[in-house]
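Values in this document were obtained by computation on a predicted structure and should not be read as measured data. FYI, the numbering just counts along the sequence from 1. Numbering of ligands and ligand atoms starts at 1, following listing order.
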Amino acid sequence: MRASTQARRFTCATAWPCLERLLALLALLCCCVGVQARVYTIGFAQSDTAESDWRKANTESFREAAKELGIRLVFKDAGGNTDLQRRQVQEFIAQKVDAIVLSANEVGGWDGVLLQAKAARIPVVLSDRTLVLLPENRDKRLFVTWIGSDFRYEGRAAGAWLAQETAGHCNIVEIQGPPDAAPSIERGRGFREVLALFPGMRIIASRPGLWRADQAREIMKGYLKSEGANICAVSAHNDNMAFGVVEAIEANLQPRLRPGKDILIIGVDGVKHGFELLVEKKLNALVECNPLLGKIVLKVVTEVLAGRSFPPAIYMNDKVFTVHNAAAALPSRRY
Ligand code: GYE
């Protein structure tokens, strides 16, 4: 997925201004000659809107952008079921939509469906979630481009923050996302790449919490019983699971421990409630992962349909927030 050289890393900062101008010019031209701009029908295959605050904001950003851009968005939600999601994409192909946006629930098993879309000449743009294609299909451009955050960077950023905060000595509990989802795979990988540099930092327990607070809370209750005060920090693969960890620690009677003080907690996403818990010092750090992809993805899709080409990856710019900069940022958080 990654572009061959850093220099070719294509970011929204470079794309945006020229896209804006080009579209404004096109719209103006159409108005002058009285031609109705073509209304595109775009199929959006979402993984599971109910899985997290992040996903809810992501789905909403597509609905809003489609309205703003005059796009007919055909929205299908797989509810976390990848087989269903593949069938939903096949329905888009049968429907002859103009283009497909895919936020894949899991990384694998997409070759067949994407080959069908290519045969039907329907361009596919990946939103947020990367895929792993079979080696023989990797050079076939089965998707036009992927737009999202660098999950491996997010894992590394979480590891680097924790290494600095603990001077490289920490027993860590990891609450992962679903094992076959791109963010879990890459965040876990990036996190371990940094830990490998610090012999004093080790993961003493790790389990998937499927993005949800309630599951993470139950998992953390178990680890508090088995590991208790031996736990130095928790790395949660998203904010909602970090919220469940806070609840479990606050509810734990023996030993009494304070979230954010006795046990450090790091999340990924940067949703509003995460900032509120940073301000309360119940969370210690959040690696941002911007869910507001609707507008850039749909604009890129309309440009693709207008014949423009794009590099294989377009990265969002994300930051790390801590108890030191959360209060200042909270008022401007849009999700
Ligand atoms: O971190 C999690 C969501 O794919 C980046 O999926 C997204 C992840 C996000 O449900 O909260």
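- Taking distance alone, with nitrogen or oxygen atoms compared against 3.5 Å, D128 approaches ligand 1 more closely than that limit.
- Although no hydrogens or angles enter the test, the distance criterion places no donor-acceptor pair under 3.5 Å between the side chain of K140 and the main chain of K118.
- Within the structure, the closest approach of R187 to ligand 1 falls below 4.0 Å when heavy atoms are considered.
- Side-chain atoms of N240 and E51 include no donor-acceptor pair closer than 3.5 Å.
- Within ligand 1, the atoms closer than 4.0 Å to a non-hydrogen atom of R129 are 4 (O), 6 (O), 7 (C), 8 (C), numbered from 1 in the order shown.
- Close contacts between ligand 1 and E51 involve ligand atoms 3 (C), 6 (O), 10 (O) [criterion: under 4.0 Å to a heavy atom].
- Salt-bridge annotation for D150 and R156: absent, with no side-chain N of the basic residue lying under 4.0 Å from a carboxylate O of the acidic one.
- A parallel orientation is assigned to the rings of F62 and F44, their planes being inclined by less than 30° (bins at 30° and 60°).
- For the pair R189 and F191, the cation does not sit on the ring face, since its NZ or CZ is not both under 6.0 Å from the ring centre and inside 45° of the axis.
- Where the criterion is an N or O separation shorter than 3.5 Å, residue side chain and backbone included, D269 meets it with respect to ligand 1.
- Evaluation of the salt bridge (charged side-chain N to carboxylate O under 4.0 Å, His left out) rule for D239 yields no partner, not counting sequence neighbours.
- Remark: E218 engages K221 in a salt bridge, criterion side-chain N to carboxylate O under 4.0 Å.
- Ligand 1 has no nitrogen or oxygen under 3.5 angstrom from a nitrogen or oxygen of W211.
- Every atom of ligand 1 with a heavy atom of P183 under 4.0 Å away is listed here by number and element: 4 (O).
- Of all atoms in ligand 1, listed by their number and element, those nearer than 4.0 Å to a heavy atom of C289 are 5 (C).
- Near S52, meaning under 4.0 Å from one of its heavy atoms, ligand 1 places the atoms 2 (C), 3 (C), 10 (O), 11 (O).
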